[in-house]
Amino acid sequence: MSAETLTRAPARMRLAMLMLAAVGLVLAARLFYWQIVQWDRLDDLARGQLELKTKIYARRGDIRTRDGYLLAADRFLYTARLTSKVNRKSDTLIQIARELGAILNQPPETILPKLSSKEVITLARDVPITIGGPLQDLKEKWYLTNLEITSRPMRYYPGGSFATHVVGYVNLERQAAYGVEQARDTLLRGRDGQINAAGDALREVIPFDVPMSAVATNGADLVLTIDSGMQRVVEMELANAIRNTRAASGSILVLDPKTGAILALAAYPTADLNAYFDPANQSRYNNQVVSAQYEPGSVFKAITLASALDAGTITPHTVFDDPGQIEFGGATIKNPEERVMGRVGLVDVMRYSLNVIALKMSVGLGAEKFYQYVRDFGFGNLTRVELAAEVAGEVKSPGDGKWRDIDLGTNSFGQGIAATPLQVASAIAAIANQGKLMKPYIIHQIHQPGANPVTTAPQFVRQVIKPDTARLVTQILADAIVAESTHKAVVPGYRIAGKTGTAQISSFGAYDQKWTIASFVGYLPADDPRFVILVKLDKPQTSEWGSQVASPVFAAVAKQLVAQIGLPPDEIRKGK
Amino acid sequence: MSDPIKRTEKLPTPPPSPFLSARALIFCAAVIALFGIFYLGQSSQTTLTGQRTHDLQAQLDRIERENIQLQIEIAELTAPAKLAERARLMGMRPAVETQVHYIIVRNYPVENPKPAPVWSPQPRADFWTGTLERFGLAPGSGAVEASP
């Protein structure tokens with residue numbers, strides 16, 4: 001439009017054109033404002049309404065026993081909420097209430113007011129898929145846009161308190177604590193995925209052109225070396241032992257000496273793994289077998305004996321003179337019950353658990369060799385078993401600033417030295433296994449999704465003592481048990497080798513005068529061991545002695561284990 | 001020097017044919033329509049397939065979740081303590097040593113007891129193999145004879 005035309009136009013027309021131009025300018029300005037200036041904000045708002053970011057939960061791997069019993073699994077729990085009033089005709093509302101009531105096992109009369117409420121109402125919280133699935137169907141059937149159903153995985157332990165200390169738990173925040181759950185968290189956890197897509201009014205993914213930004217990778221399933229039958233036996237016998245001896249705590253461990261596989265592990269106190277949120281249970285999940293060190297006491301004499309025999313400082317025929325007590329390192333060391341044996345052979349040294357002779361053996365060996373053997377047996381080092389919070393124990397040695405002369409004496413009978421039950425059982429297993437120390441392990445197989453299962457191969461650590469020495473030690477330990485016809489660890493029909501322990505409890509630099517730790521570690525059959533069994537009872541009240549409270553538990557466990565695997569008595573097995 | 005050939009006359013151009021231009025328009029419209037139909041067909045097919053995949057995925061997820069729930073229920077029902085309790089209620093009890101009799105067979109090859117069978121996940125059989133297995137017709141599904 002030229003200037004001439006405008007000039008010629010009537011005034012009203014010019015006014016109208018100017019107004020239109022002004023309106024156009026305003027619109028253009030608003031358009032500029034919303035489309036350019038506010039673009040980012042509006043785009044975010046639009047995306048927020050349309051775009052749906054859905055987290056795809058990776059399934060945490062299952063944990064099973066070696067024989068297939070499910071110890072831990074992820075299950076999905078559903079929560080259903082009504083976010084606003086359901087706008088339907090009254091007869092439709094009644095029908096919905098009826099169907100909801102049938103799913104939730106509630107009378108429709110209680111559901112109906114909830115459907116008409118304007119507030120957010122939770123209909124069901126953390127219910128299994130048996131309820132969550134039908135709720136989802138109902139939502140789709142009636143197109144209930146305001147029924148919000150969310151699901152999340154939760155760890156569940158079907159066995160409750162079965163193998164508590166082996167498994168550990170995963171809490172609501174998906175954080176693992178204790179046991180295999182914590183030790184192999186990265187393997188079990190997997191990786192969550194996410195879908196970024198357009199969503200509909202029901203906040204469901206519109207399935208056209210779904211861009212999946214990250215695929216979820218499920219965690220690996222683990223098969224443990226634990227046998228559910230054996231685990232049941234040790235848990236039952238430990239509970240009986242705690243009840244009978246009124247001990248404060250205790251543990252039982254069963255190892256396969258030839259491979260180092262942990263076949264059963266029980267500790268007391270214990271708790272249901274599904275009740276981890278209860279503050280009273282927090283201390284009960286601690287696995288004493290790997291996380292609590294103790295002074296093993298006379299059980300350690302088997303290690304001293306093996307070391308002295310292997311080094312050649314004594315022979316199977318060595319006879320010692322036992323004066324009943326001895327001055328060493330500025331202290332007086334006495335035998336248990338202040339026994340004075342006079343001339344005594346190795347079998348009687350083990351049978352009567354003579355501290356004085358054990359001291360003579362370690363002194364004869366010399367500090368350097370003695371501690372070399374002790375460390376070779378695995379004391380003072382982590383076993384690296386796949387259980388959380390393992391401690392290394394404590395072995396003092398000359399020159400470390402803590403060691404004193406008297407330690408060479410007291411360490412020979414297992415005082416002044418700290419070890420975990422697993423270390424003790426593992427060291428005794430080395431004697432049972434012809435002097436070969438095996439790395440203890442608890443994961444038998446790892447099943448990564450989409451890959452072949454990986455089986456753990458038994459891991460040989462070192463040859464600690466010669467096979468002949470191991471056989472000699474086994475013979476001496478077995479003869480010491482046979483010599484005592486009333487020995488409570490005896491399993492009729494089977495020759496067993498083992499050693500009792502009654503250890504004083506160190507507390508604030510002194511030994512507790514009242515309480516002891518009573519234990520027994522043994523293996524059977526002595527000539528071809530299948531099991532190493534450690535029984536440890538803390539502060540038993542019926543007797544302080546390992547021979548009285550721990551040995552019978554060993555026998556009770558061993559009898560059931562040989563029956564479980566169908567191991568015939570020695571005579572039948574050897575065809576005599 | 002002048003150009004020997006002088007082009008002073010323009011060549012005659014044929015008059016535009018109204019019939020041809022209409023045909024071209026119709027042809028173009030038809031092509032566009034065809035493309036449109038093709039695009040819509042493909043697009044709706046993709047959407048349908050996407051919807052079906054989505055539904056199947058949701059169904060699979062649900063079945064997997066139900067399967068996990070069932071496995072958990074099985075584990076709860078077969079907990080060693082529960083089995084022992086049920087066995088006790090049925091009148092069973094652990095055998096004592098005097099109740100176990102070993103029969104010695106001379107010159108019988110002695111084998112060490114076998115360890116408990118190790119659990120491993122069963123590979124999923126396809127529909128055909130699964131059906132054959134149910135009727136005992138799949139290879140290797142025949143009855144196993146007891147070995148001495």
Side-chain angles (χ1 to χ4, degrees), chain A residues 59 62 64-71 73-76 128-130 132-133 136 151 156-160 162 204-210 221 223 227-233 235-236 256 444-445 447 453 455 492-493 528 530 559-560 563-569 571-576, chain B residues 43-59 61-84 94-122:
Chain A
R59 230 186 114 229
D62 293 344
R64 290 175 186 270
T65 61
R66 191 185 170 98
D67 51 323
Y69 180 71
L70 186 66
L71 293 169
D74 261 4
R75 67 170 175 175
F76 282 82
I129 187 145
T130 44
Q136 189 70 43
S151 70
Y156 186 68
Y157 303 94
F162 187 68
E204 301 282 355
V205 170
I206 297 173
F208 177 65
D209 191 24
V210 178
D221 292 338
V223 180
D227 180 280
S228 66
M230 294 182 188
Q231 182 68 22
R232 158 86 180 140
V233 166
E235 287 189 2
M236 203 173 60
D256 178 345
H444 170 64
Q445 265 180 353
H447 296 255
T455 305
D528 183 19
R530 301 294 302 274
K559 278 178 198 168
Q560 293 174 73
Q564 272 195 14
I565 65 160
L567 184 73
E571 278 190 11
I572 295 166
R573 189 168 47 88
K574 292 175 183 172
K576 285 180 184 170
Chain B
S43 165
S44 60
Q45 193 63 41
T46 310
T47 309
L48 278 174
T49 311
Q51 178 70 54
R52 223 173 132 228
T53 311
H54 182 258
D55 289 350
L56 286 172
Q57 185 62 49
Q59 205 180 335
D61 284 351
R62 185 159 164 181
I63 289 169
E64 277 181 356
R65 290 177 185 193
E66 282 172 351
N67 190 30
I68 296 164
Q69 185 65 31
L70 287 172
Q71 281 186 41
I72 286 170
E73 280 172 29
I74 290 169
E76 280 173 338
L77 291 169
T78 57
K82 270 197 181 158
L83 287 182
V96 295
E97 292 121 56
T98 51
Q99 292 172 316
V100 181
H101 296 281
Y102 289 92
I103 301 163
I104 301 170
V105 181
R106 295 287 166 207
N107 303 322
Y108 187 81
V110 178
E111 283 181 14
N112 280 328
K114 286 174 187 160
V118 176
W119 175 88
S120 65
Q122 294 298 310

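Side chains included, hydrogens not; waters and symmetry mates left out as well; all remaining heavy atoms used. Lettering follows sequence order; numbering is per chain, from 1.
In this structure, chain A has a heavy atom under 4.5 Å from the side chain of Gln69(B), while its backbone stays farther away. For Ile68(B), the part lying under 4.5 angstrom from a heavy atom of chain A is the side chain only. For chain B, no part of Asp256(A) is nearby; none of its heavy atoms comes within less than 4.5 Å.
For the side-chain contact (heavy atoms from CB on, under 4.5 Å) test, residues two or more places apart in sequence or in another chain that qualify with Pro80(B) are Tyr69(A), Phe162(A), Ser228(A), Arg232(A). Shown here are the side chain to side chain donor-acceptor pair (under 3.5 Å) partners of Gln71(B), two or more places apart in sequence or in another chain: Arg64(A).
Of the listed residues (Gly159(A), Ala73(A), Pro569(A), Ala563(A)), the greatest number of heavy-atom pairs within a distance under 4.5 Å of chain B belongs to Pro569(A). Each of Gly133(A), Gly493(A), Pro128(A), Gly160(A) has some count of heavy-atom pairs under 4.5 Å with chain B, and the biggest count is that of Gly133(A).
The CZ atom of Arg62(B) sits 14.0 Å away from the CZ atom of Phe76(A) when rounded to the nearest 0.5 Å. The OG1 atom of Thr130(A) sits 13.0 Å away from the CZ atom of Arg65(B) when rounded to the nearest 0.5 Å.
A pairwise comparison of heavy atoms in Ile72(B) and Arg75(A) identifies CD1-CB, 3.6 Å as the closest pair.
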Side chain to side chain donor-acceptor pair (under 3.5 Å) for Glu76(B) and Tyr157(A)? Distances and angles first, verdict last.
CA-CA 9 Å; Glu76(B) 280 173 338; Tyr157(A) 303 94; over 6 Å; no
